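Just so you know, these numbers use all the heavy atoms, side chains as well, and skip hydrogens, waters and symmetry mates. Within every chain, numbering begins at 1; the chains are lettered A, B, ... in the order of the sequence lines, protein sequences first and strands thereafter. Note that the structure is predicted; figures quoted are calculated from it, not measured.
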2 protein chains.
Amino acid sequence: MAQTTMDDVAQHAGVSRALVSLVMRDSPRVSDHSRAKVLASAAELDYRPNVWARNLASGQTNTIGVMLNDLHNPYFAELAEGVAAGATENGMEVLITSGWQREAGENAAIETLLNLRTDGIVLGAARFGSEAFSEMAQQTPTVAVSNFHKPDAMDTLCNDEAYGAELVVEHLTSLGHSRIVHIDAGTAPGAPERRKGFTTAMSNRGLAPIVFEGDYNEQSARAAAIDIMKLKEPPTAIFAANDLAASGVFAHLRSIGVSIPDDVSVVGYDDTVLAGLGAISLTTVRQPMQMSGHRATELLIERINGREVAKHELLRPSLVVRSTTGPVPK
Amino acid sequence: MAQTTMDDVAQHAGVSRALVSLVMRDSPRVSDHSRAKVLASAAELDYRPNVWARNLASGQTNTIGVMLNDLHNPYFAELAEGVAAGATENGMEVLITSGWQREAGENAAIETLLNLRTDGIVLGAARFGSEAFSEMAQQTPTVAVSNFHKPDAMDTLCNDEAYGAELVVEHLTSLGHSRIVHIDAGTAPGAPERRKGFTTAMSNRGLAPIVFEGDYNEQSARAAAIDIMKLKEPPTAIFAANDLAASGVFAHLRSIGVSIPDDVSVVGYDDTVLAGLGAISLTTVRQPMQMSGHRATELLIERINGREVAKHELLRPSLVVRSTTGPVPK
DNA sequence: TGTGAAAATTAGAGCGCTCTATACATAAGC
DNA sequence: GCTTATGTATAGAGCGCTCTAATTTTCACA
């Protein structure tokens, strides 16, 4: 399929290639007459501009690259959706690559984006601080979402985890709970901040912040839940590291005949699809990921347009109350 | 950031640009000595090949485009993962675009891919039969996953829905069930085949195939479940259109105090993450999406290498038995 | 030492587009 | 009528790479 080029269109329309180029780029400096003629020829010849050539010649791609650690994670899907929305508003395209949950994969995905020379990159990564990241930020405008490292070279956009934890503690204490346990996620992105927010919120109320070790998955949370329910005085509420972890807790409590929320209240984090599932209906903290994605695009475009100093912003989450939390049992 | 070009590297290494090009493409026709020299210079100058220029000059992109209707759907995520695996094996890159669940979005995403002139496209679409799709298949090698239309212009890869339904019916009848209801998903991709498979499997066993209307989401399945449980003789097993629908059924049954699987067995379809959730643990049909993605890549590469006639293949799903199915109550 | 083939390298013509000058109309100003 | 504006259109030089064909170097062998 030999492709139709601008020259073909120009010849067919009886004008110069430069004019066709102007028409294709919606330049106002073209007469209506010529524009119509060119457009007609282009349509007739089934002309499709060659992006490679255009980008090569113009030196910019009009494209934002998005690197997502894990396509399965709705958290990242929403981020990408927000980026897409922001990009569309600004007439830019979005190309997505994924690291398939592996660090090597993330690096390869970034390499792909770097080679493509997208105008900027939005990072939805799992592990920051890798060399590939800082090297990248050196080479192209970059916004990292949920990166609490705040390096100079890139902008960052984080959720206010402390505030989210505060919301949870406030909600639970207002329901009368005082023995509240948090299952954390070690050093995973956002987890330390979430934990810190929890202990602060509890301490501020004169309550003992009890933390069990876990991770952002079901199994470890389930394991933690087993230990937790073996306590002499089990808590009346459990605040899990994220929705998936909450689901693990949920499953264990159900299996040992503990009623939710009559006996124990459970709270998740992220408001992923699973939290909304009728069969679970989890009270959780909603991170405005779509908004994050949108804001990330704005920051990126500022950078593309020349801003030099890094910005680090915090976005406020909100609480979504569903059916897994209720008044403390007496 | 003026970029380093091949000429810079060539000059620095004291060789010609053509030689650098050969080294970059791993040509065997370069002496070890020169190769080392070039590589050293490239590293020192932080050289990164310009993909746009390369693709323009070579006329191919070494990239597979993947269009996914919905990034939130794990079904598509796995498809993409399979494509990525296949692509990596063949030294190709993968670029993902999404239609964000809208038909217009799908068309725009395809336009993006077409403009990029990726060597081929894998389609994970929701609605096939649109003009944009057939136009696309005309222009570039295309493999459509889960497209039961089987047009000449593109390859298709479908799951053997009839077989999947047969697996479900076989599993349930072997547990003693005979009053089995299927909640379908109208004309959504795969749904008619699934329904047909169900009715055939039931009829083959001399059982009445009862079908309720639904869709691939929770709400409609929940609505159907409400009607179903109002039947004079409610079924002892419900086979939902997909996992999400099963979750809706699950939620309703729980809410009216029906025990799963003691009173009613529930089966889903797709084996998405939610089926594996401890809190749900759904018996479901596993579609080998990752394998589909992998196979799609193989077909695509055959096409890229010149195969003209379309291939239409069927992949066999398998049954994953979890905790929502059990012997029929007496 | 010469010769031919094989191996290694290079020149240079594109790939399809953008973009800066420059050219050419036509209209306006005096 | 001539000059200066103003609006359109075009020539042509790249953008950074690939790839064919040609050239140069190397090496085996007579």
Under 6.0 Å from the CG atom of B/D152, do we count more than 12 heavy atoms belonging to anything else shown? no
Nearest to side-chain heavy atoms of A/R29, which nucleotide of C/dC17, C/dA21, D/dG12: C/dA21
What is the separation between atom CD on A/Q60 and atom P on C/dC17, rounded to the nearest whole Å? 17 Å
Give one of base, sugar-phosphate or nothing for A/V15, where a contact means two heavy atoms less than 4.0 Å apart. sugar-phosphate
B/R307 side-chain N/O to B/L299 backbone N/O, donor-acceptor pair under 3.5 Å: yes
Nearest-angstrom distance from the residue atom CG of B/L22 to P of D/dT20: 11 Å
Of B/S16 and B/A53, the one whose closest DNA chain C nucleotide lies more 5': B/S16
B/L56 side-chain proximity, nearest of D/dA9, C/dG16, C/dT9: C/dG16
Salt bridge present between A/D7 and A/R17 (N-O < 4.0 angstrom): yes
A/A57 side chain: which of C/dT10, D/dG14, C/dA8 is closest? D/dG14
Whichever of B/S58 and B/H33 has its nearest DNA chain C nucleotide further upstream toward 5': B/H33
Could you state the atom-to-atom distance from CG of A/L19 to P of C/dC19 in whole Å? 15 Å
Could you tell me the separation between the CG atom of B/N115 and the C1' atom of C/dG16, rounded to a whole number of Å? 14 Å
Within this structure, what is the CG-to-C1' distance between B/L45 and D/dG16, rounded to whole angstrom? 15 Å
Would you indicate, yes or no, if C/dT9 has its OP1 or OP2 atom less than 4.0 angstrom from a side-chain nitrogen or oxygen of B/S34? yes
Would one find more than 12 heavy atoms of other residues, nucleotides or ligands at under 6.0 Å from atom CE of B/M24? yes
Under 4.0 Å: is that the gap between some side-chain N or O of A/R25 and OP1 or OP2 of C/dT18? yes
Distance check needed: C/dT18 P versus A/N62 CG, whole Å only. 12 Å
Between the base of D/dT18 and the side chain of B/R17, is there any donor-acceptor pair under 3.5 Å? yes
Closest to the A/A18 side chain: D/dG16, D/dC17, D/dA11? D/dA11
Strictly by modelled atom types, are B/E93 and B/N62 linked by a side-chain donor-acceptor pair under 3.5 Å? no
Separation of B/R54 atom CZ from C/dC17 atom C1', in whole Å? 20 Å
Just the rounded figure in Å: distance from C1' of D/dC15 to CG of A/N55. 11 Å
